[in-house]
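FYI, side chains are in, hydrogens and waters are out, and symmetry mates aren't considered; it's all heavy atoms of this structure. Each chain gets a letter, A, B and so on, in the order the sequences are listed, and its residues count up from 1.
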2 protein chains.
Amino acid sequence: MDKRYFGNQLDHTTQQPLRRTLVPMGNLMNQVKIQSSKFKSKYLKCISLFAFLLLTFDFVLAQQATWIWYPGDYEIWLSNKMQNRRTERGSFFPPFWKLDSHYPLMDFHKVFDVKSPETIELFVEGKYNVKLDGKPLEGTPTKVTIPAGKHKINIKVFNQQYVPAIYLKGKSIVSDSSWLVTYEDKEWIDETGKVSDQSGTTWLKAGYWNFDKPTARPSQVQLPVRAQRAVKTTKKGNALLADFGKETFGFIKLHGLKGKGNLTIYYGESQEEALSTTHGETLDRLQVNRPSKRDSVMELSKAFRYVNIIADPAVTYDSVSMLYEYAPVTVRGDFRCSDDLINKIYDVSKYTFELNTREFFIDGIKRDRWIWSGDAYQSYLMNYYLYFDNPTVERTLVALRGKDPVTSHINTIMDYTFYWFIGIYDYYLYTGDTKFIQQYYPRMQSLMEYVLSRRNKNGMVEGLSGDWVFIDWAEGLSKKGEVSFEQLLFARSLEAMAISANIAGDATNGAKYQQLATDLKSKIFSTYWNEGKQALVHSRIDGVPTDHVTRYANMFAIFFNWLNDAQKQGVKQNVLLNKDVPKITTPYMRFYELEALAAMGEQAYVLKEMKDYWGGMLNLGATSFWEEYNPSKQGVEHLAMYGRPFGKSLCHAWGASPIYLLGKYYLGVKPTAPGYETYVIEPSLGGLQWMEGKVPTPHGQVTMYVSTNNIKVKSDGGIGTLRLKSASMPVVEGAQVRSKGDGVYEVTIEKGKEYSINYKSI
Amino acid sequence: MDKRYFGNQLDHTTQQPLRRTLVPMGNLMNQVKIQSSKFKSKYLKCISLFAFLLLTFDFVLAQQATWIWYPGDYEIWLSNKMQNRRTERGSFFPPFWKLDSHYPLMDFHKVFDVKSPETIELFVEGKYNVKLDGKPLEGTPTKVTIPAGKHKINIKVFNQQYVPAIYLKGKSIVSDSSWLVTYEDKEWIDETGKVSDQSGTTWLKAGYWNFDKPTARPSQVQLPVRAQRAVKTTKKGNALLADFGKETFGFIKLHGLKGKGNLTIYYGESQEEALSTTHGETLDRLQVNRPSKRDSVMELSKAFRYVNIIADPAVTYDSVSMLYEYAPVTVRGDFRCSDDLINKIYDVSKYTFELNTREFFIDGIKRDRWIWSGDAYQSYLMNYYLYFDNPTVERTLVALRGKDPVTSHINTIMDYTFYWFIGIYDYYLYTGDTKFIQQYYPRMQSLMEYVLSRRNKNGMVEGLSGDWVFIDWAEGLSKKGEVSFEQLLFARSLEAMAISANIAGDATNGAKYQQLATDLKSKIFSTYWNEGKQALVHSRIDGVPTDHVTRYANMFAIFFNWLNDAQKQGVKQNVLLNKDVPKITTPYMRFYELEALAAMGEQAYVLKEMKDYWGGMLNLGATSFWEEYNPSKQGVEHLAMYGRPFGKSLCHAWGASPIYLLGKYYLGVKPTAPGYETYVIEPSLGGLQWMEGKVPTPHGQVTMYVSTNNIKVKSDGGIGTLRLKSASMPVVEGAQVRSKGDGVYEVTIEKGKEYSINYKSI
């Protein structure tokens, strides 16, 4: 572990940086109780009184200070930094969409009421001033004494390069998310010196993360690293091939580098790529000129399993190792079952997802190392079943959205704009967090305004000049005209807007968005549903619906639950299970295809598909899952994409979807009300003998074991409904079993209780 | 002169940085002709052929390379830098409005067709890549060889701290304003590697200025300086008072500073301020700790005439001097006359304006050192009669506007938004430049949309929450309700929009803005014109026009020429010359008051007022003109403002308006068509015996001498109309005199001819 750091560790119990608001009396009592657990309860009264006194004199619970900034600005700045680290054969390779910037000038303030004078220490990123009760203090003080009583502290910061940020710590006064910030304080004075009333100024609550030490400057952020060695090295002439055993990511370190001349490191996700000095995607060229040995760490972290190091004869080094770079998130979900291949698929999915979870959820670690909304959308969902790390979801959403004005779709892709909206709805559903929506509703609105302004005369969206209609990587896929898939995502986005508007207190627009969604949904079915084909057709071109059927709109219609039972069965038989409908060759759309089938209870089929498809990659030696996998390809064909022999990413986040499928559709845990206040557990073995695992929730986790005759469940919070199919009346101690007919039974799962249900799997 | 620099000098003949586009054949012929004027015309044919060959082989006219960037971004970045240099008693004092940023990621490209291979050198501010014909070159090349033929060069740059900028120079390939730039190149590729057609990408022509050398990096910009000594120093104990003889601006330099302890420099625009260690507005505190002598230059330039240096006994220095910091603009206008006081007023105005003309037109050099739209508007007008420096006007307009989205009025002041629009119309009128409007029309539109969205139910503007309605510094001035002055500026802004829309090719909106302007003007007269008072009243509150009359709307209505003759006379008698209407105490509004009177032919009255008012400041020892001057105040009262004893700026750009009044209404030169294609000269001595001067135009200048019986005129371009009043038929050699009746005569002034007109002044 070197001295890079990434703020402090998160408090993963709550999945939030430690709260810094005054601890309410109740909580304090809890803390005191915990600390005093070795005492007998007779001491408690006296301890409570002591705690009360402490609170009264406000010198006890020194609150947690943290670096704060304008909400969203740090995320945008950090994403700029991250997305501009990609290289291709040594050439800088940045994104092709607009990058925004932080506001360079920021005002922070808070009013404090302190019982006694208090000296605060101040740390600032940028040029700044400090005002006490509106009066500027001379110079740039690093310590300020606040007199007793009620006082307002303003700190105004200018920083063009980094995000204006402050860290402030006194006995009771600290910088935290309760501070207010604005980029436009409008604090003008009139000719007599009177300050304006500032009524027109918009103040937001400060943004923060986990930079809880004054030395943990946000501008100096670095992910943590740990040293790793190659598992095998092969020397051949002036070339050394090092194999790190599996796909990995980090900084190559050359130990004892010395001499004069050139040295090139060719990186390879495959051995073939590392050995291809002409076509490998990434490399580092060093011009060495050092008389004595010294270690060298490469400047940029890279994705690889192999490195092929070719040095001039006069350049020598002792050995090669790497610093594995990772995001400090905590694994909270788990899955294990009777099938070893599925276990292996789960483990490799988990590792694939770990590699692609960085400052943000990125698409792939070799390429593009960017934040893509469609890719990130799947990462959010996987995250809810593995890390449940809210900050990474929020950061990713904010970075994708950027700032106004909207000049193009997110990542320039129309579908990716829609995934952004839907991702926010899911975030609310899984976490119950309304703060994010309240904070970013204005940016949701302006993006939706952009979309609405680009509808055609039918109120539908089609690719206009400058829009990329992506859908999926698939040969010959038409993007022309009104594509049904895009309308589905659009309608769902309008629903997300309706819900968000209401959360943000904008009922008028909430109703407007809901009406637009309803109208569009009805138009989708009247336009695309083909009774003969029992499916939604792919598109309408020049006013005429095509008779071409693709999987995309159909599978989304299933898990959006927009089809009636007959339609669902029609789609299942005529589309999803129909080999004549063009196959999907990316894990990206396999995600939704298998989700649709699982949502219809086809767990056994999906399990087989998963073993075939992901198992197919493992058979080919995959140590992480790929951007694309077409079983019909051979040998090095698997490595090629975009017309380049090693263009394909062999570690792509969207390859990790088994995490999500196994958690949501096998363990079967899913929220039914925001933040898991209520949720269902619908376990489905799909042919497995047994499975066990954990699904994280805002309350903690749901822990399960499921076999064909027994289910064990324990949950840390929320009201759960275990819904199971059984050939006989299930038996459970200490709980009621409700029969719902058709062999379906329900048991209510309460917080903290352990349930063991005996049943007979159908 | 130290090593600070400010790019290269401008070419002040054309008032544009040297053009870098290919010199068209016609121009080349002109150049050749001029160069060959000593040859006889028989040589011309052969020279023309030579020139033609040179052009054909494109190796002759090595074009001028210059640093380029996204248009407007550098101006915004530079204004952030400049506006965050203000301090107040050592405390950082930034603006209170939103500051925007440059786009951190930028793509530059151009297609070249070269006859032979060419190696270009490349200089970049930021992390970058180079693509040749769409293919990235490895690494970050600083030299690139372009093969013969047609090739596209793309350079993509990321820079968060500074503006992404490039400088590129080969034999014929150079970076210049013909390059195209975008912040969103949308250069995505499909799975086969095919690049998108980029049809939805907006490319703009690159922005540039005068950074014509690779070493003149835009990020390192500094105004030039020159050394100046104090005219008098007085030592008293550990204090030294240095008097620099007049108001100045720059960096204090302490020579041979040595010792250990504190040293404070108290700056003063007045001696009183410098001596007030407790209430002076600006200071520098040094903690000295150096065993041997070394010179020290202060970090920030400041405004002062006096500095009062107080040092601990153990701190010594040999002497104090300063580095005078100035903008490299050229004085092109001039005025001299038979009245010495007027000459003195003109000189001090010129110096006041010089001090406030910096990277941008600022309000005052001590305070606020910011770009204020209302102040800048007057500077533009003065500039047309002194420097005619277009780049400074453009930079100031762009910096004021910032970027979308619009979140408040410019500088938060409603009137200041309107001056911005009107300033653009004037810029077009004086310079004839349509490029600026074409480039920034989208930002004009979005700002006007903001204004339109804030109209009340009567279609008028009034101060909403967060709007500052300024008008002027004047005690008891009401800003409530629908203020007539604001509606006048609004209507004029709509007219400016109508003209600009047509220039930008947006005829539909041009008509819309014109209609809005017409409607509003008619509403202004039906609402505010009070027949009894023969004046526009100040405002309408709760639907009822007040019967309070102020000067503001009335004087603007005059020089907007929106009053009929009877109304004009009414306003003149009942408002402008009426001592019961509250007096104006700022040079800011005196500017317009005197302009209104001068526009009505009251030159004699205005001359007297000028001598009283500006002469009044001179009598009080002013060496530059002030932010406010109220003749009724006494002694140090003149130094106070904003409730602070030295709060007033003693060097404010708006104090320099005699430059404008004397050029426009005494020499009487003003454009009647954009860019002085046509113009009038209406000399008016206003009681002077004689006057002479120069008025700059895009063609060069108009040079004049005027006495009571003779007028001499010479002009470098455009069609001028000399309009004079004479008691007898004027006599002029080589030109026709047209009698217009009522003792008014006209003479057409052609380019390059010298005219001497004998007449008899009325």
Looking at B/I189 and A/W473, what are the two nearest heavy atoms and their distance?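 Looking at all heavy atoms of both residues, the closest pair is O-CH2, 3.5 Å.
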I need the minimum non-hydrogen distance between B/L105 and A/P94, along with the two atoms involved.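 Minimum heavy-atom separation between B/L105 and A/P94: CD1-CB, 3.7 Å.
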Is it true that a side-chain atom of [X] and a backbone atom of [Y] form a donor plus acceptor pair closer than 3.5 Å?
X      : Y      : result
A/E191 : B/A474 : yes
A/K156 : B/P95  : yes
A/K186 : B/N411 : no
A/S465 : B/S199 : yes

Between [options], which shows the greatest number of heavy-atom pairs under 4.5 Å with chain B?
options                : answer
A/T407, A/I413, A/D467 : A/T407
A/P104, A/G643, A/G90  : A/P104
A/Y642, A/Y183, A/W188 : A/W188
A/K403, A/M641, A/H102 : A/H102

Would you say B/E138 and A/S91 are linked by a side-chain donor-acceptor pair, where the criterion is simply a distance under 3.5 Å?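 The criterion, which ignores hydrogens and geometry beyond distance, is not satisfied for B/E138 and A/S91.
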Is it true that A/T412 and B/E184 share a donor-acceptor pair across their side chains at a distance under 3.5 Å? no
For [X], which atoms come within 4.5 Å of any heavy atom of chain A: side chain, backbone, both, or neither?
X      : result
B/T192 : backbone
B/E628 : side chain
B/T182 : neither
B/D197 : neither
B/Y162 : neither

A/H279 atom NE2: more than 12 heavy-atom contacts under 6.0 Å: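 Counting other residues, nucleotides and ligands, NE2 of A/H279 stays at 12 neighbours or fewer.
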Interface moiety of [X] toward chain B, non-hydrogen atoms closer than 4.5 Å:
X      : result
A/L464 : neither
A/P141 : neither
A/D190 : both
A/T201 : neither
A/A640 : neither
A/S446 : neither

A/F158 vs B/F92 aromatic rings, parallel, tilted or perpendicular, using cut-offs 30° and 60°? tilted
Please rank B/F470, B/Y128, B/W468 by heavy-atom pairs under 4.5 Å with chain A and give me the top one.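 Top count of heavy-atom pairs under 4.5 Å with chain A: B/W468.
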Residue among B/E88, B/K194, B/R285, B/R644 with most heavy-atom pairs under 4.5 Å to chain A: B/R285
With rounding to the nearest 0.5 Å, note down the distance linking [atom1] in [X] to [atom2] in [Y].
X      : Y      : atom1 : atom2 : value
A/Q160 : B/K81  : CD    : NZ    : 10.0 Å
B/F96  : A/S196 : CZ    : OG    : 7.5 Å
B/L137 : A/R89  : CG    : CZ    : 12.5 Å
B/N84  : A/N159 : CG    : CG    : 10.5 Å

